[in-house]
Every structure is written in structure tokens, then in C-alpha cells.
Amino acid sequence: MKRAIYPGSFDPVTFGHIDMIERSAKIVDELVVAVLNNSAKNPLFSVKERVSMLEEITSHLPNVKITFFDGLLIDYARKIDAAIIIRGLRAITDFEYELQLAQTNRIVDSRVDTIFLTTSLEYAYLSSTIVKEVASYGGDISHFVPEQLMERIYQKYAEVQNPKGAQNF
Ligand code: PNS
């Protein structure tokens with residue numbers, strides 16, 4: 001069985017990620033979407049919230065499983081017996097970092113290979129950072145994320161920007 005891992009921060013998941021998940025799920029037997037549990041990256045959403053959003057929007061894909069991991073990706077790939085890491089390339093600006101990541105992982109364990117899929121053109125500009133930037137100003141994020149997640153994202157900003165008892169100056 002060909003098991004692949006698609007790791008990321010998914011803070012939050014976007015149409016770009018969903019496109020990658022749907023396409024990857026057609027290539028491999030099982031796709032494990034693994035959310036990085038790393039508080040150092042200061043994520044907007046907790047790992048539980050990110051997993052839950054991913055579960056919701058991939059429920060139509062029977063060979064896709066959502067999990068989370070701590071520590072090194074290569075260790076987690078080995079732990080779940082995944083021989084393939086899948087990453088998306090949006091533009092040449094992604095390439096340098098992704099190449100370094102793939103090569104580092106391969107030095108550590110040459111049995112695990114990284115496969116790159118090019119992002120569909122319509123999502124080439126899209127990132128979780130863009131979603132957060134637009135949502136933080138209450139802008140329209142309907143082009144970036146599924147409708148069922150929109151309210152949760154706006155709600156998170158309402159909580160973050162207006163914590164209970166905080167005064168607005
Ligand atoms: O969605 P992202 O933030 O681009 O995903 C980056 C991710 C999670 C793939 C990367 O940061 C990662 O693998 N982190 C785990 C630690 C690790 O293994 N680092 C690479 C070796 S230095």
C-alpha cells in the first residue's frame with residue numbers, strides 16, 4: 001500500500017490545500033494530512049481546531065486521514081510508515097525552502113522521498129497568511145476558504161481582537 005503524508009501548518013486550511021489534498025488522494029492509496037503542532041510558530045488556530053476544519057472539508061475523501069505531529073516530520077513519516085512526503089509548489093519563491101526541506105529529510109532517511117505537486121494556477125497566489133490578513137480586517141474570504149469555515153475564521157478574529165473585558169482605545 002502506498003501511504004503518503006501531506007504535512008503543513010494549515011492555519012487555516014485554504015482552497016489551495018484542498019486542491020492539493022484532492023489531487024494527492026488520487027495518486028496514493030492513503031493520504032495522511034498531518035498538522036504541525038508547533039506553538040513556536042504562534043498559530044492562530046489550535047491544533048485541535050485545525051484538525052477539525054480539515055476533517056470537515058475532507059469528509060468526502062475516503063482514503064484521507066487527518067492527524068497531527070510534534071517534532072521532526074521525517075520521524076513522524078517513519079512512525080506512520082509513509083514513504084512519500086507531498087508538498088505543493090506555488091511559485092519559484094517556494095522552491096528554495098522546499099528543496100532544502102526535501103534534501104534534509106532525504107539525508108536523514110533516504111527511504112522517504114518528497115514529491116512536489118504544482119499548485120493549480122487559480123490558487124497560486126493563495127496562502128493561509130493571505131487568508132488571515134484579509135479576515136483580520138473583516139474582508140471577504142469566500143475566494144480563499146470553503147463557506148462552512150468562514151464564520152469560524154471571522155469568529156476567531158473577533159475573539160483575538162476583542163478578548164472579554166478588553167477596552168478599545
Ligand atoms: O504549511 P507549512 O508551514 O509550510 O509546513 C511546514 C512544515 C510543517 C512541513 C515544516 O515546517 C516541517 O516539516 N516542520 C517539522 C520540523 C521539521 O521536520 N523540519 C524540517 C527539518 S529541519
Side-chain angles (χ1 to χ4, degrees), residues 2-25 27-28 30-58 61 64-136 141 143-146 149 152-153 156-157 160:
K2 216 179 291 166
R3 178 179 293 130
I5 181 168
Y6 176 48
S9 300
F10 305 106
D11 186 41
V13 60
T14 69
F15 280 136
H17 297 127
I18 298 167
D19 171 58
M20 285 288 300
I21 293 169
E22 287 176 341
R23 287 163 56 207
S24 306
I27 299 171
V28 299
E30 187 180 272
L31 182 72
V32 177
V33 179
V35 179
L36 176 67
N37 184 23
N38 182 359
S39 51
K41 275 203 173 186
N42 209 6
L44 178 64
F45 292 93
S46 69
V47 72
K48 200 172 158 205
E49 289 168 325
R50 286 178 277 155
V51 165
S52 155
M53 286 192 272
L54 278 159
E55 278 173 348
E56 220 175 293
I57 51 94
T58 58
L61 300 168
V64 173
K65 201 175 139 190
I66 315 296
T67 60
F68 65 92
F69 72 105
D70 301 284
L72 288 179
L73 170 62
I74 195 73
D75 289 339
Y76 187 63
R78 284 191 288 208
K79 185 176 159 194
I80 64 165
D81 206 17
I84 302 167
I85 295 169
I86 295 182
R87 292 286 289 169
L89 285 177
R90 287 168 300 194
I92 198 74
T93 43
D94 283 341
F95 186 73
E96 211 167 315
Y97 171 67
E98 292 299 334
L99 184 67
Q100 197 179 26
L101 204 72
Q103 287 176 336
T104 307
N105 286 332
R106 209 167 134 65
I107 294 271
V108 179
D109 191 334
S110 61
R111 290 167 302 177
V112 183
D113 255 310
T114 300
I115 291 181
F116 296 108
L117 294 188
T118 52
T119 308
S120 295
L121 266 184
E122 68 235 75
Y123 305 124
Y125 69 95
L126 187 53
S127 69
S128 299
T129 307
I130 290 283
V131 176
K132 287 184 277 195
E133 171 80 4
V134 175
S136 70
I141 53 170
H143 296 289
F144 313 145
V145 299
L149 302 185
R152 231 170 296 176
I153 298 168
K156 178 61 81 177
Y157 271 106
V160 171

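Both counts, for ligands and for their atoms, begin at 1 and track the order of listing.
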In ligand 1, the atoms that come under 4.0 Å of a heavy atom of Ser9 are 1 (O), 2 (P), 3 (O), 5 (O)
Minimum heavy-atom separation for Pro43 to Asn38, with atom names? CD-O, 3.7 Å
Region of Asn38 that comes within reach of ligand 1 [heavy atoms, distance under 4.0 Å]: neither
Strictly distance-based, threshold 3.5 Å: is any side-chain N or O of Arg111 a donor or acceptor partner for the main-chain N or O of Ala83? no
Nearest neighbour in protein (non-hydrogen) for atom 22 (S) of ligand 1: Thr104 CG2, 4.4 Å
Pick from Phe45, Phe68, Phe69: which one makes a side chain to side chain contact (heavy atoms under 4.5 Å, CB included) with Val35? Phe68
Checking Thr58 side chain against Leu61 main chain: does a donor-acceptor pair fall under 3.5 Å? no
Does Arg3 reach the main-chain N or O of Ala77 with its side chain, forming a donor-acceptor pair under 3.5 Å? no
What protein heavy atom sits nearest atom 7 (C) of ligand 1, and how far away is it? Arg87 NH1, 4.3 Å
Contact between Gly71 and ligand 1, counting heavy atoms under 4.0 Å? yes
Hey, does Lys41 come in under 3.5 Å of ligand 1, counting only N/O atoms on both sides? yes
Backbone of Tyr123 reached by a side-chain donor or acceptor of Arg90 within 3.5 Å: no
Starting from atom 20 (C) of ligand 1, find the nearest protein heavy-atom neighbour and note its residue, name and distance. Leu101 CD1, 3.5 Å
Enumerate the atoms of ligand 1 whose separation from the nearest heavy atom of Tyr97 is less than 4.0 angstrom. 10 (C), 11 (O)
For Glu49, is there an ion pair with Arg152 - N to carboxylate O distance below 4.0 angstrom? no
Location of contacts on Tyr6 toward ligand 1, heavy atoms closer than 4.0 Å: neither
Nearest protein heavy-atom contact for atom 19 (N) of ligand 1: which residue, which atom, what distance? Leu72 CD2, 4.2 Å
Region of Leu36 that comes within reach of ligand 1 [heavy atoms, distance under 4.0 Å]: side chain
What residue and heavy atom of the protein are closest to atom 13 (O) of ligand 1, and at what distance? Leu73 CB, 3.4 Å
Nearest 0.5 angstrom please: Ser46 OG to Asp11 CG, how far? 9.5 Å
